[in-house]
Amino acid sequence: MPGRRLDKGRDGSRTFPPQSCDFTMLRTHTCGELRSEHIGQSVTLGGWVQNYRDHRGLVFIDLRDRYGLTQVVFNLSHDDQMQSVARGLRSEDVVLVEGEVISRSENINPRLATGEIEIKAVRLDLLSKSKTPPFEPSTTDLPNEELRLKHRFLDLRRAAVQQSMVLRHALTKATRNYFDEHGFLDIETPILGRSTPEGARDYLVPSRVHPGSFFALPQSPQIYKQILMIAGYDRYMQIARCFRDEDLRADRQPEFTQIDVEMAFVQRDDILDVIDGLMAHLVRELRDEELALPLPRLTHEEVMERFGSDKPDLRFDMELVDIESIAGACGFGVFKNTIEAGGRVRGLNARGAAEKYSRKMIDELTAFVGDYGAKGLAFFRVGENVLDSPIAKFLDDQHHREIIEALSADPGDLLFFVADTAAVTSQALAALRNRLGRELQLYDPSELNIAWVIDFPLVTYNEEEDRWDAEHHPFCQPVAEDVPLLKTDPGAVRAQSYDLICNGYEAGSGSIRIHDASIQQDVFDLMGIQSEEAEMRFGFLLEALRYGAPPHGGVALGLDRWVMLFAGHDNIRDVIAFPKTQKAADLLSGAPSPVDDRQLRDLSIKTDLPESS
RNA sequence: GGGGCCGUAGCUCAAUUGGUUAGAGUACCGGACUGUCGAUCCGGGGGUUGCGGGUUCAAGUCCCGUCGGCCUCGCCA
């Protein structure tokens with residue numbers, strides 16, 4: 001079958017098979033289909049009126065469907081009745097037009113894929129009159145997002161949104177094909193499940209027949225897919241909807257979709273290899289490019305040191321540099337005191353940026369890193385063997401030269417430093433690095449830079465609760481040689497876990513799971529989960545583990561994020577047909593909404609609202 | 001829960017330091033027009049400046065609150 005790849009039409013619309021009108025009785029062709037080879041044919045098109053140009057005796061309309069745009073011409077000399085209907089057509093009316101494909105001869109429109117022809121109408125059916133739309137799908141300056149979401153049925157008519165939906169379909173299809181070819185079974189898991197208090201806040205669904213009890217919508221199919229491994233379904237995949245009741249971001253929706261994968265009788269690298277293959281497959285299918293494999297595998301320790309982030313944007317360098325020895329010895333109190341207090345002084349070099357950032361802009365950057373806990377942002381403009389800065393006077397010439405050398409700086413460079421705890425220097429400088437990379441245009445925005453981050457810590461210490469919390473989740477297998485450290489130095493234990501990162505986004509995450517009940521018990525102990533409690537929360541998994549569990553592991557990729565990345569967007573609402581707002585509302589349907597008292601009574605639920613409502 | 005930006009005609013935006021009757025483009029309505037393709041030309045209607053309160057002789061503009069949208073910190077095993 002030809003044309004498996006996406007093909008971009010001259011008018012920017014994407015065509016995607018099937019292009020023809022199979023299974024359609026009302027139409028003979030789509031609005032993106034007709035070319036000069038069809039001249040002379042009698043055809044019927046259906047679509048939405050995108051634009052009209054009324055010359056009284058001669059009326060043109062641009063007829064649109066999701067395949068493209070075709071011009072239709074109505075001629076007065078032909079049919080009075082039809083002409084008066086044609087003159088009344090307005091944006092978004094739905095019509096069926098029968099006519100002859102004719103050449104546009106000298107009036108060809110080169111900007112339209114169908115621009116060599118037009119339809120000379122002999123019959124016009126106005127199937128559905130449209131109200132005047134609040135915005136037109138063809139608009140170039142987009143209305144505000146609230147309006148777009150309220151009238152999502154209009155927004156979805158926009159070519160750009162339709163392209164995203166087609167891309168999403170193509171990505172999903174290519175993913176299923178890939179896993180199918182490698183023997184994976186697509187198995188569905190429950191949407192109504194059991195609440196597990198760990199992790200994100202659950203969306204709850206009350207049970208009518210069990211008053212006072214609730215289902216939880218899945219945060220992910222994690223436990224079910226592990227049980228499938230124990231049950232012998234050794235290669236599982238699912239395009240799974242997940243739900244998390246946490247605050248939203250540009251790349252986070254309360255319901256989202258994961259490409260969920262799990263395999264048995266595997267080690268970490270088997271999983272990484274499978275996903276490497278998937279990414280290469282997707283890049284080939286969707287971009288017609290070859291991805292170099294294996295994807296880079298960087299340790300968590302390394303990326304935190306080099307970039308200050310566990311999901312660095314690897315499209316550009318500008319790595320973090322530690323200047324502890326200089327800072328500790330210099331005369332600048334903030335630096336010196338930070339080192340003496342066990343903190344860190346790290347910085348980065350914005351090459352050639354000395355003249356691009358005014359003092360005022362640097363003040364703005366200082367406020368920016370403040371959001372990440374940095375109490376200040378030291379900066380130096382680099383000259384010949386000398387640094388220019390309000391704090392330059394606290395450093396002697398030797399220190400100037402050492403800093404220049406440490407950051408391999410050249411005249412005209414702009415250096416930034418943060419002195420604080422290790423965590424704050426990481427967070428602040430990672431955020432600064434991303435911002436500078438964008439502002440200085442250090443990368444090609446169309447590039448996809450994909451890599452693995454491996455060897456995450458198994459647990460991190462939770463100061464507030466005075467306990468160790470799972471970095472990934474409580475079923476994650478420690479690295480074998482680190483197991484003895486579980487009881488002596490938990491913070492040093494590495495997990496057999498991995499994140500797939502792309503352009504600064506976490507776009508996938510997974511691990512090898514614990515399949516040994518005694519190690520699982522050690523991990524629960526470490527996290528302060530008593531066995532009784534563990535039985536209560538995860539008992540059905542623990543019980544399953546006691547009946548013959550193969551070694552297994554898996555990964556979940558964020559489908560919405562991948563579509564966003566492939567589409568070149570910067571928020572996932574653009575690649576979701578019916579997304580929710582930041583307050584988790586659907587402006588189209590009005591969800592969530594109050595319900596009848598009757599419904600609440602059936603569910604044995606009483607509401608207790610704050611005074612104001 | 002915290003910080004930031006935004007809200008003016010159906011839509012996109014403008015409105016000097018707080019100062020005359022809140023403007024423009026587009027959309028819409030009426031008219032003209034047989035080769036347009038962002039059609040063109042003539043004419044017309046259209047405003048509780050998100051909502052509530054306050055300051056002031058005077059508020060789209062300043063202050064407080066509130067609602068909504070977006071970005072973000074916390075949060076998201």
Side-chain angles (χ1 to χ4, degrees), chain A residues 11 50-63 69-78 83 87-88 90-92 102 104-112 114-115 118 120 131-136 138-151 154 196-202 219-220 222-223 242-254 256 364 367-373 427-428 431 435 456 458-460 462 464 468-476 495 497 506 509 511 523 527 529 537-538 558 570-571 573 580-583 585 587 612-613:
Chain A
D11 53 357
Q50 166 132 333
N51 197 8
Y52 66 96
R53 294 176 289 280
D54 181 359
H55 296 227
R56 186 175 195 156
L58 195 65
V59 175
F60 299 95
I61 64 167
D62 297 329
L63 194 62
L69 218 55
T70 299
Q71 174 165 286
V72 181
V73 57
F74 301 90
N75 197 317
L76 179 61
S77 62
H78 201 273
Q83 195 68 1
R87 295 193 65 198
R90 291 296 179 270
S91 289
E92 302 312 303
I102 62 172
R104 290 223 213 167
S105 54
E106 60 268 28
N107 295 314
I108 283 172
N109 184 345
R111 284 182 297 172
L112 222 54
T114 61
E118 64 189 351
K120 187 174 144 195
K131 288 172 68 178
T132 299
F135 63 93
E136 293 178 27
S138 59
T139 188
T140 43
D141 40 355
L142 280 181
N144 72 60
E145 193 148 354
E146 191 176 355
L147 195 76
R148 289 174 53 200
L149 292 175
K150 202 170 282 176
H151 301 271
L154 295 178
T196 51
E198 292 272 315
R201 210 171 281 119
D202 284 323
Q219 295 178 26
S220 80
Q222 181 62 36
I223 293 178
C242 306
F243 307 86
R244 293 177 191 177
D245 187 6
E246 296 291 345
D247 287 344
L248 276 57
R249 287 285 188 283
D251 63 349
R252 277 170 18 196
Q253 282 273 300
F256 61 100
E364 163 60 28
F368 174 72
V369 296
D371 291 344
Y372 300 86
Q427 287 161 25
R435 177 167 170 164
F456 278 71
L458 183 72
V459 290
T460 48
N462 182 334
E464 281 177 30
W468 295 92
D469 281 346
E471 174 81 13
H472 185 52
H473 58 57
F475 316 113
C476 193
S497 67
E506 179 199 321
S509 185
S511 65
V523 172
M527 295 187 313
I529 301 176
R537 290 179 183 182
F538 316 113
D570 58 8
N571 78 72
R573 292 185 302 279
K580 291 181 174 53
T581 66
Q582 193 158 47
K583 292 191 73 182
L587 298 183
S612 57
S613 29

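First the proteins, then the strands, lettered A, B, ... as listed; each starts at 1. Here the structure is a predicted model, which means the values were calculated and not measured.
rU8(B) and rA59(B): their C1' atoms are spaced 14 Å apart (whole Å). On the C1' atoms, rG60(B) is 11 Å away from rG47(B), given to the nearest whole Å. A gap of 22 Å separates the C1' atoms of rA14(B) and rC70(B), to the nearest Å. Nucleotides rG53(B) and rA58(B) are separated by 16 Å at their P atoms, to the nearest Å. The same atom, C1', is picked in rU61(B) and in rC73(B); the two are 31 Å apart, to the nearest Å. Taking atom P on both rA22(B) and rU49(B), the two are 11 Å apart, rounded to the nearest angstrom. Taking atom C1' on both nucleotides, rG46(B) is separated from rG25(B) by 15 Å, rounded to a whole Å. If you take atom C1' in rU20(B) and the same atom in rC13(B), they sit 23 Å apart, rounded to whole Å.
Listed by chain and number, the residues in a side-chain contact (heavy atoms from CB on, under 4.5 Å) with Asn109(A) are Arg104(A), Arg111(A), Leu112(A) (sequence neighbours excluded). Partners of Glu471(A) by side-chain contact (heavy atoms from CB on, under 4.5 Å), not counting sequence neighbours, listed by chain and number: Phe456(A), Thr460(A). Listed by chain and residue number, nothing satisfies the salt bridge (Lys or Arg N to Asp or Glu O under 4.0 Å) test with Arg249(A) (two or more places apart in sequence, or in another chain). Scored by the ring-ring contact (aromatic ring centres under 6.0 Å, His included) test, Tyr52(A) finds no partners at all (sequence neighbours excluded).
One atom, CD of Glu146(A), and another, C1' of rC5(B), lie 15 Å apart when rounded to the nearest Å. Taking atom CZ of Arg53(A) as the reference point, atom P of rC41(B) lies 16 Å away to the nearest angstrom. Atom CZ of Arg111(A) and atom P of rU36(B) are 13 Å apart (whole Å). Atom pair Phe60(A):CZ and rU40(B):C1' shows a separation of 13 Å (rounding to whole Å applied). Asp54(A) places its CG atom 13 Å from the C1' atom of rG35(B), with the value rounded to the nearest Å. One interatomic measurement links the two molecules: NZ of Lys120(A) to P of rG35(B), which rounds to 16 Å at whole-angstrom precision. Taking atom CG on Asn571(A) and atom P on rG69(B), their separation rounds to 15 Å, with Å as the unit. Arg244(A) places its CZ atom 15 Å from the P atom of rC75(B), with the value rounded to the nearest Å.
Judged by a 6.0 Å distance limit and a 45° cone about the ring axis, Arg435(A) is positioned over the six-membered ring of Phe368(A).
Arg53(A) pairs with exactly one of Val73(A), Asp62(A), Ile61(A) by the side chain to side chain contact (heavy atoms under 4.5 Å, CB included) rule, that one being Asp62(A).
Checked against rG38(B), rG69(B), rC37(B), the side chain of Asn107(A) finds its nearest nucleotide in rC37(B). The listed nucleotides are rC75(B), rU34(B), rC37(B); the one nearest the side chain of Glu246(A) is rC75(B). Among the nucleotides rC76(B), rA27(B), rG35(B), the one closest to the side chain of Ala200(A) is rC76(B).
Contact annotation for Glu364(A): no contact, since no heavy-atom pair falls under 4.0 Å across all strands. Using a 4.0 Å heavy-atom criterion, one finds that Asp245(A) contacts no nucleic acid atom at all. Nucleic acid contact class of Ser220(A) (heavy atoms, under 4.0 Å, all strands): base.
With both pairing distances under 3.5 Å, rC5(B) is matched to rG69(B) as a Watson-Crick or G-U wobble pair. Summarising the base pairing, rU26(B) is matched to rG10(B) through a Watson-Crick or G-U wobble pair whose two defining distances lie under 3.5 Å.
One finds a salt bridge joining Arg573(A) and Glu145(A) here, because a Lys/Arg side-chain nitrogen approaches an Asp/Glu carboxylate oxygen to under 4.0 Å. Between Asp247(A) and Arg252(A), no side-chain nitrogen of the basic residue sits less than 4.0 Å from a carboxylate oxygen of the acidic one, so the salt-bridge criterion is not met.
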>> side-chain contact (heavy atoms from CB on, under 4.5 Å) for Asn75(A) and Lys120(A)? Distances and angles first, verdict last.
In response: CA-CA 8 Å; Asn75(A) 197 317; Lys120(A) 187 174 144 195; 5.9 Å; no
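With the nearest nucleotide of RNA chain B identified for both Asp469(A) and Ala585(A), Ala585(A) has the one nearer the 5' end. Sequence order on RNA chain B of the closest nucleotides to Glu136(A) and Leu149(A) puts Glu136(A) first from the 5' end.
Residues Phe74(A) and Phe60(A) place their aromatic rings such that the two centres sit no closer than 6.0 Å.
Between Thr581(A) and rG69(B) there is a side-chain polar atom (N or O) within less than 4.0 angstrom of OP1 or OP2. Residue Tyr52(A) places no side-chain N or O under 4.0 Å from the OP1 or OP2 atom of rA27(B). At rC29(B), one or more side-chain N or O atoms of Arg90(A) fall inside 4.0 Å of OP1 or OP2 (strictly under the cut-off). For rG68(B), one of the phosphate oxygens OP1 or OP2 lies less than 4.0 angstrom from a side-chain nitrogen or oxygen of Lys583(A).
Between Gln253(A) and Leu248(A), the closest side-chain pair of non-hydrogen atoms falls below 4.5 Å. Side-chain contact between His151(A) and Pro133(A): absent, with no pair of heavy atoms (C-beta onward) separated by less than 4.5 Å.
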At a cut-off of 3.5 Å, list every protein nitrogen or oxygen paired with a nitrogen or oxygen from nucleotides 72-74 of chain B, distance to 0.1 Å.
unit_1	atom_1	unit_2	atom_2	d
rU72(B)	OP2	Ala250(A)	N	3.2
rU72(B)	O4	Gln582(A)	NE2	3.3
rC73(B)	OP2	Arg249(A)	NE	3.0
rG74(B)	N7	Arg249(A)	NH2	2.8
rG74(B)	O6	Arg249(A)	NH1	3.0
rG74(B)	O6	Arg249(A)	NH2	3.2
rG74(B)	N1	Asp247(A)	OD2	2.7
rG74(B)	N2	Asp247(A)	OD2	3.3

Protein-nucleotides 8-12 of chain B N/O pairs closer than 3.5 Å?
unit_1	atom_1	unit_2	atom_2	d
rC11(B)	O4'	Pro134(A)	O	3.2
rU12(B)	OP1	Asn144(A)	N	2.8
rU12(B)	O2'	Asp141(A)	OD2	2.9

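On a pure distance criterion of 3.5 Å, no polar donor-acceptor pair joins the side chain of Arg573(A) and the base of rC70(B).
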